[in-house]
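Atoms within each ligand, like the ligands themselves, are counted from 1 in listed order. Fair warning: this is a prediction, and the values are worked out from it, not measured in the lab.
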Amino acid sequence: MRVESVRMADSGLGDVESLPRGGFRCRLCHVTVANKPSLDDHLRGKKHQRLENLRNVRQAQELRSVFVSGFHKGTPASELSEYFQAYGEVVNVVMDKDKGVYAIVELQNEEVLEKVLAQPQHSLGGQKLRVKPREKKDFKYTPPRKQGSARQGQLNPEKLAQKLCEADDVDAQMPLMVQLFEFSESERRLRDLLVTLFQEVFLEFFPGSAILPFGSSVNGFDVSGCDLDLFLDLEKTKSFQASAKGPNEPQAQEGASPELDSRSEDSILSDIDLASATVPEVLELVATVLQKCVPGVHNVQAVLNARRPVVKFCHKESGLRGDISINNRLAICNTRFLQLCTEVDERVRPLVYVVRHWAKQQALAGNPFGGGPLLNNYALTLLVLFFLQTRNPPILPTVAHLRELSEDEERTVVDGWDCSLPKDPACLEPSGNAETLCSLLSEFFRLFEDYNFAGCVISLREGRQLPLPGFLSSCDMAGRLKLGPFNLQDPFEQSHNVAANVNEKMALRFQRCCRAAAKYCRSLQYQRKSSKGKIWGLVRLFQPGASEAEAPMAEGLVIYLPKFHEQLGQVGDLSHLWFQKVCTGVAFVLRDVLKCSCVETWQGLGEEQEASGTKQKEEGLEAKSEHMVAGAKHPINEEEDTVSPPAKRLRADALLPGGERTTWNCAAWHRVWLGRRRVRRQLHGPEPDSQQQQKAGSLELEAKVSDVIAQQEGEAGPAGPLLQFTVCAQFASTGASDEQDTHISLSFAPASEPSAAFQEFFHFLQGFLPRMVEQHLANSA
Ligand code: ATP
Ligand code: MG
C-alpha cells in the first residue's frame with residue numbers, strides 16, 4: 001500500500017484531486033489550477049518537484065529512523081550516536097530541543113534499523129531505553145506563515161472591507177475595528193502564560209526580579225500579532241545582591257527575604273555585579289538565560305545600539321515576537337497613562353484603532369525597517385489623546401490634572417520625572433462631551449490638516465500646544481527637547497520629543513493625508529452606508545495612497561508602464577487580474593531582481609473589483625461624484641441621484657480613491673543602479689553591445705548582477721537601508737475615450753527628502769522597471 005502510494009505520488013497524480021468544472025487541486029502543494037494544461041505545468045514546475053523530492057527524502061529518512069526515549073535528561077546527542085553505532089552507521093541524531101526527553105536516531109539503512117529493533121533491551125547510562133520504529137506520518141507541506149497570528153491572517157483586506165461595509169454606520173464601524181483587531185481570548189491567554197513563564201525563569205536567575213509587560217499588549221491598544229514588550233525590573237535583585245555581598249555578613253542581611261537567600265547559591269548573580277555592570281553586559285546575560293532556559297523561545301538577539309537597548313526573541317510555536325528591556329521604567333508609566341485613558345472614555349479605543357489603521361495604510365506610521373521618519377504607534381496614539389484633550393468640553397483630562405487627582409501614595413517619580421497618576425479612573429468626572437465617533441474622526445483630521453507642527457510643541461501635560469517662542473524662553477527642558485518639524489512632547493519624560501525622528505517631508509505628508517481624509521469625511525460616502533452595496537465609510541478612508549496619488553505626480557516621480565497587451569493576450573474584462581499580474585511583476589523585480597525589501601501594505605478590494613472594468617469605472621465615477629458633491633456647496637440628497645457626463649469617466653476613475661491600487665513599503669539596501677554594465681561584462685566577458693543588450697533583458701542575469709553589486713559593497717552588508725520609499729501602483733488614465741485603459745502608473749514617494757541617490761535610483765528605474773516587468777509577464781504568460 002505504502003509503496004504504491006509513494007509511486008503514485010512520484011508521478012504526481014496521487015496528489016491530485018479533481019474539482020468540479022475541470023479544475024484540479026494539488027494536495028501536496030496546496031495549489032488549485034483551472035485546467036489540465038495548467039496542472040501539467042504545475043506538476044512539472046519547480047515547486048512541485050522540490051516538494052516531491054523533499055517528501056521522498058523525508059519518507060526514506062523515516063523508514064530508517066528510530067524514536068528513542070528513557071535516557072537521562074541532558075544526555076548529549078553524541079552519546080546516543082555512539083551507543084547506536086554498535087549496530088551500524090548512525091547518520092544523524094535529532095534531540096528534542098525543548099525538553100531533552102526524546103531523540104530521533106537516523107540510521108544508515110533499514111538493515112541497521114532491523115538490527116536495532118531486534119535487540120530486546122537497550123540501556124544507556126544505567127537507564128533502560130525505549131526504542132520504537134518512527135511513526136509514519138503523512139508528509140504535509142505547511143505554506144510559509146505570514147507574520148503575525150493566524151487570526152490576523154484571516155483578517156485580510158477583503159474581509160475587513162466586507163465586514164465594515166456590513167455595519168450600519170460609521171459609529172458602528174469604529175467599535176467593530178476594535179473587535180476585529182484586538183486580541184482573541186486565546187491570544188491574551190497565551191501572552192499571560194508567556195509572561196508567567198518568563199517570570200518564573202527569571203526569578204530563578206535574578207532573585208527578586210519582576211517581568212512587567214508594557215506597550216500594546218497591555219495598554220488597551222492591542223492588535224492581534226503585535227509584539228510583546230517586557231521590562232525586566234532588577235531593582236530588588238540589585239539591592240538583594242548588594243546586601244548579600246555586604247562586607248560582614250555575606251548571606252542574610254537585614255531586609256533580604258529568606259526566599260531570596262535560599263536561591264542565592266544557584267543564582268547567576270555570582271557571575272555579575274549588577275550595580276557596576278553596564279546595560280549591554282546585563283542584557284547579554286538576559287539573552288543567555290532566554291536562549292538556554294526558556295522553553296519554546298528562539299531567535300534571541302541582543303540589540304544594544306538602540307535608544308533603549310533590548311533583547312529580542314521569538315516564541316516558536318505562536319510566532320509571537322517580543323523584546324525585553326531593563327531600563328525602561330518610564331514606559332511602564334506611559335503605558336499606565338494610555339490604559340487609564342481607555343478606561344476614562346469608551347470612545348478612545350475605537351478612535352485610536354481607526355487612526356492607527358488609517359496611518360498604517362497611508363504609510364505614515366509604523367516602523368517596518370527599524371528607524372526612519374514614520375511616526376511610531378506610541379506617538380500617533382498620543383496625538384489622538386491630545387486631540388481628545390482639546391475638544392470642547394474635553395473628553396480626556398490633561399496629564400497635569402491627572403497628577404492633581406492622584407493620592408499621596410500614588411505619587412511616583414521616575415528618572416526625575418513626575419509620573420503620578422490616579423489608580424482608579426472612577427475619581428474622574430465623566431466628560432460632558434457627547435460627540436459621536438463619526439464626527440470625532442473627521443474632527444481629528446480637521447485639527448491636523450493645517451497644523452503648525454514645526455511652530456509649536458504639543459503638550460499632553462497641559463493639553464494644549466505651546467508656541468515655540470514662549471516654550472523656549474519659559475521652560476527648563478526647552479534646551480534639551482530636540483525640536484524639529486514635528487514636536488510632540490512626551491507627557492512624562494518632558495525633555496523627549498517622541499516624534500523627533502519625523503522629518504519635514506513626512507510632517508508635510510501627514511498634513512496632506514489629514515487634509516484628504518478631512519475632505520473625504522465631509523462626503524456622503526463617508527457618512528452614509530451605500531444602498532447599492534458599494535464601499536463606504538471607513539473602507540474608502542483606509543485605501544492607501546488615495547491622498548498621495550497626486551503629490552508624487554506633481555513632483556514627477558511616476559513611472560507609466562506600457563500596456564504589455566501581447567503578454568496577456570486578450571485583456572477583455574480581466575482588468576483586475578491584469579492589474580494583479582503587473583503588481584506581481586513589479587514586486588518581483590524590486591524584491592528578487594534588485595534585492596530591495598518590498599512589503600505590500602494593501603491590495604484592491606477583491607470581490608468588488610473583480611467586477612468588469614466598466615463596472616469598476618462606473619462605481620468609481622459615482623464615488624468620485626459623491627466625493628466631489630460632498631465637498632461642494634450643492635447638497636445632494638441621495639447618492640443614486642448622482643449623474644456625470646460619460647466623457648469624464650476615465651479621469652474620475654484615475655483620481656479616485658476607489659480605483660484598484662497596491663502600495664508597497666520598500667527599502668533599497670545596495671547601490672544596485674550603479675555600474676551594472678560593468679558587472680554584466682564581468683559575468684559574461686566582453687561581448688558586442690547588441691548581445692549585451694539582449695542579455696540585459698534576462699531577469700536571471702539582472703538578479704545576478706544585483707547580487708554581485710551587493711557582494712562588492714561589502715560582505716558584512718549595510719547597517720541599514722540606503723533608501724526607503726513607497727510605491728503605489730494604480731490604473732492610470734490617459735483620458736482616452738472608451739478604450740479599455742490598461743496603463744498602470746507607479747508613483748514613488750521617498751520616505752525622506754528625495755536625495756541625489758534617490759533621484760539616481762528613480763532615473764534608473766524609469767528605464768529598467770518597465771523592461772523587467774515586461775520580461776516577467778512574458779515568462780509567466
Ligand atoms: P505596537 O507594538 O502595536 O506597534 P506599542 O505601543 O507596543 O505598539 P512599541 O513601539 O512596541 O509600540 O513600544 C512599546 C511601548 O514603549 C509604547 O507603548 C510606549 O509605552 C513605549 N514607547 C515606545 N516608543 C516610545 C517613545 N518614543 N518614547 C517613550 N515611550 C515610548
Ligand atoms: Mg509593542
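In terms of heavy-atom proximity, A172 sits nearest to P175 at O-CD, 3.4 Å.
The contact set between ligand 1 and N219, taken as ligand atoms under 4.0 Å from a residue heavy atom, comprises 6 (O), 18 (O). Listed by number with element, the atoms of ligand 1 under 4.0 Å from a non-hydrogen atom of G215 are 7 (O), 14 (C), 15 (C), 18 (O). The contact set between ligand 1 and V498, taken as ligand atoms under 4.0 Å from a residue heavy atom, comprises 28 (N). Atoms of ligand 1 lying under 4.0 Å from at least one heavy atom of N377, given by number and element, are 1 (P), 3 (O), 4 (O), 8 (O). The atoms of ligand 1 that sit less than 4.0 Å from any heavy atom of C226 are 3 (O). Residue N376 has at least one heavy-atom neighbour below 4.0 Å for each of these atoms of ligand 1: 24 (N), 27 (N).
When the shell of 6.0 Å around CD of E343 is examined, it contains more than 12 heavy atoms from other residues, nucleotides or ligands.
Residues L723 and C596 fail the side-chain proximity criterion, which asks for heavy atoms closer than 4.5 Å.
Heavy atoms of L330 found under 4.0 angstrom from ligand 1: none, in either backbone or side chain. The proximity of D490 to ligand 1, defined as any non-hydrogen pair under 4.0 Å, is limited to the side chain. Contacts of E493 with ligand 1, taken as heavy-atom pairs under 4.0 Å, are absent altogether.
By heavy-atom distance, the residue among L228, D229, N501 lying nearest atom 9 (P) of ligand 1 is D229. Scanning Y378, F214, F221, F337 for the heavy atom closest to atom 25 (C) of ligand 1 points to Y378.
Residue N328 places no N or O, backbone or side chain, under 3.5 Å from any N or O of ligand 1.
Within the 4.0 Å heavy-atom cutoff, T335 counts among the residues contacting ligand 1. Contact annotation: R356 has at least one heavy atom less than 4.0 Å from an atom of ligand 1.
At least one donor-acceptor pair closer than 3.5 Å links the side chain of Q339 to the backbone N or O of V218. Using a distance-only test at 3.5 Å, with no hydrogens or angles considered, no donor-acceptor pair links the side chain of D227 to the main chain of D229. Side chain of S216 to main chain of F221: no donor-acceptor pair is present (N/O by atom type, distance under 3.5 Å, no hydrogens or angles).
Between the side chains of S325 and R308, no donor-acceptor pair is found at a separation under 3.5 Å. Using modelled atom types, one finds a donor on one side chain and an acceptor on the other under 3.5 Å when comparing D490 with Y378.
Atom 20 (O) of ligand 1 has as its closest protein heavy atom N334 OD1, 2.4 Å. At the top of the distance list for atom 7 (O) of ligand 1, counting protein heavy atoms only, stands S216 N, 2.8 Å. Regarding atom 27 (N) of ligand 1, its nearest protein heavy-atom neighbour is H496 NE2, 3.3 Å. In this structure, atom 2 (O) of ligand 1 lies nearest to the protein heavy atom D227 OD1, 2.7 Å.
Taking a cutoff of 4.0 Å between a charged side-chain nitrogen and a carboxylate oxygen, K238 and E235 qualify as a salt bridge. Using a cut-off of 4.0 Å between Lys/Arg side-chain N and Asp/Glu carboxylate O, E443 and R446 are scored as salt-bridged. With salt bridges taken as basic N to acidic carboxylate O contacts below 4.0 Å, one links R349 and D222.
Atom SG of residue C456 and atom CZ of residue R464 lie 10.5 Å apart, to the nearest 0.5 angstrom. Rounded to the nearest 0.5 angstrom, E435 CD and S442 OG are separated by 9.0 Å. To the nearest 0.5 Å, atoms CG (L232) and CD (Q199) are separated by 8.5 Å.
Under the salt bridge (charged side-chain N to carboxylate O under 4.0 Å, His left out) criterion, the residue pairs touching residues 409-421 are R403-D418, with sequence neighbours excluded.
Protein heavy atoms are absent from the space less than 4.0 angstrom from atom 12 (O) of ligand 1.
The number of protein N, O or S atoms lying under 2.8 Å from the Mg ion (ligand 2) is 2.
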